[in-house]
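So the structure is just underneath, and the comments pick up after that.
Sequence lines set the chain letters: A, B, ... in the order given, protein chains first and strands last, and positions in each chain run from 1.
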Number of protein chains: 2
Amino acid sequence: MNNAQLAIDNETGHAAGVNDWLGNGQSAQIKMGNSFTTTNERTLDVHEHLFMIGDKQTHLYQILEGVIGIYKMLPDGRRQIVTFYYPGDIIGGGDKSNWTQHAEALCNAKVRCIPASTVDTLITTEPGFGQALLSMLATELEETRDQLLSLGRKSALEKVATFLLRISRRNKREGTEEGLLHLPMKRAEIADYLGLTIETVSRNITKLKTTGIIRLESKSLVSVKDISLLEELADGGC
Amino acid sequence: MNNAQLAIDNETGHAAGVNDWLGNGQSAQIKMGNSFTTTNERTLDVHEHLFMIGDKQTHLYQILEGVIGIYKMLPDGRRQIVTFYYPGDIIGGGDKSNWTQHAEALCNAKVRCIPASTVDTLITTEPGFGQALLSMLATELEETRDQLLSLGRKSALEKVATFLLRISRRNKREGTEEGLLHLPMKRAEIADYLGLTIETVSRNITKLKTTGIIRLESKSLVSVKDISLLEELADGGC
DNA sequence: GTTCTGAATTGATACATATCAATACACAGA
DNA sequence: TCTGTGTATTGATATGTATCAATTCAGAAC
């Protein structure tokens, strides 16, 4: 998760996240007080856009399957992917009325669409929901700042190591194998996320491979052989 | 501002920002319902730290004077400044319990300290305050994502142009001269913000100068001679 | 005024990553 | 199985920025 689970619910002691109100996608209904709102799902093919920059922000989206890439572009075509959203993550939640970047499915994906009006209602009627949103945004800001450190100050090898480590840590949080990393995106998308070229990403993956830190089970499946060496590289060689 | 002024107050039609509740620093009192909370000011010398990474987040800070730089570091000393906070800006507002970066005064500065407990109270008692915080964080996230685009995909010259343009636009918003830019920070700090070295920053400022786009009134005072050329450069040469 | 000191600028060179180009690979369709 | 096509890898070279080094500049202290 991206992640909305930091606001502590004082009564139960469990972490109250945005998903506690929005559900996990099993049900198409969201309970608000004693009324319900119905949500609908949307399926996206690879490369299909969920929204484009400037589009009206009519909904929040909860990722159910697949990965969505959020990106900005320069007029000459240079692209910077600012986030990858994974299942469980929520896109949106700020109060901007229009999207300020593009959102594209990097593989086949499914999202649940939650009307912005529902969110507005939840904020006023459900105590704690606004807090959970705040928490989610704070986490997202924090992760974006980490990415600034990568882009501004790390070498290509360190960037790639950091990227892999981030996936590993997500796996750990989600309870899946932290040493087996599935890369649902292409090298070009990793490059646009790390501020590198395809070739440099490829060369540095190869370097990690020949060093014995990782093994390439396939082009999109990496197994980590030495996680502490990977961490050392990611955190700046010291 | 950084900026908390996007939530629209439906009754007055004016932009409701966090500062509407926290005041502008003239008064040391914050009204909450019919009770008051007293805040205190803190003065910082150049290079003095407001907080360090890991410190307990006991307060929010409202910048009254000067500029505060927020930064992350790698163990070997490489530094990335993630934001500059200016007068009117609020530092904090997420719900993290500890600071995840360092905050240092880049020149003599003054801040107002607002206890975290006061913020918690305001969220529950003052309708709209939570929304304003949400709005502030969303704006901050958006600006950080713009910076990702700069760091990941722009050339040194474009980065410097973007940096200057950002100051110009802040001036415009604040109602001061958009063509006259005061740089309260040193070249080293600009470099650590843009992911460059001091020398590269200096060379590119010189380049903008010899091109006639800017004029250096002094080392820390820039006047913009051709703002549309500066914009063209900043947005990626097209 | 002179001297001192940190900061900024400028120059020469090194180096990391981009660019251009050529395979190699893997999977889909015939 | 073969062929076609998009993707990844690898190689050779170019280039932008970092690094190392030397002035220059501006303000503070005397």
In whole angstrom, give the distance that lies between atom [atom1] of [X] and atom [atom2] of [N].
X	N	atom1	atom2	value
B/Leu157	D/dG16	CG	P	12 Å
B/Lys186	D/dG27	NZ	P	15 Å
A/Ile205	D/dA8	CD1	C1'	9 Å
A/Leu196	D/dT9	CG	P	14 Å
B/Asp192	D/dA18	CG	P	11 Å
A/Met185	D/dA8	CE	C1'	16 Å
B/Ile198	D/dC25	CD1	C1'	15 Å
A/Lys207	D/dA8	NZ	C1'	17 Å

Donor on one side chain, acceptor on other, A/Glu65 and A/Asn108, under 3.5 Å: no
Distance alone, cut at 3.5 Å: any donor-acceptor contact between the side chains of B/Gln57 and B/Ser97? no
Of all the nucleotides listed (D/dA12, D/dA8, D/dT19), which has the minimum atom distance to the side chain of B/Glu199? D/dT19
Nearest to side-chain heavy atoms of B/Thr200, which nucleotide of D/dT19, D/dA8, D/dT17: D/dT17
One thing to verify: whether [Y] and [X] come together as a salt bridge, which I'm taking to mean a side-chain N less than 4.0 angstrom from a carboxylate O.
X	Y	value
B/Arg215	B/Glu217	yes
B/Asp192	B/Arg78	no
B/Glu140	B/Arg145	no

A/Arg187 vs D/dT9: side-chain N/O to OP1/OP2 distance below 4.0 Å: yes
Taking the nucleotide of DNA chain C with the nearest heavy atom to each, does B/Val201 or B/Arg153 sit closer to the 5' end? B/Val201
Need one value for [X]: base, sugar-phosphate or nothing, where a base atom within 4.0 Å counts as base even if backbone is also close, heavy atoms only.
X	result
A/Thr206	sugar-phosphate
B/Ser155	sugar-phosphate
B/Leu216	sugar-phosphate

Nucleotide range of DNA chain C contacted by chain B, 5' to 3', under 4.0 Å to a heavy atom? C/dA7 to C/dA12
Could you work out, with side-chain hydrogen bond (donor to acceptor under 3.5 Å, both in side chains) as the rule, every residue matching A/Ser228, not counting sequence neighbours? A/Asp226
Pairs in or reaching into residues 177-190 of chain A: which pass side chain to side chain donor-acceptor pair (under 3.5 Å), with residues at least two apart or in two chains? A/His47-A/Lys186
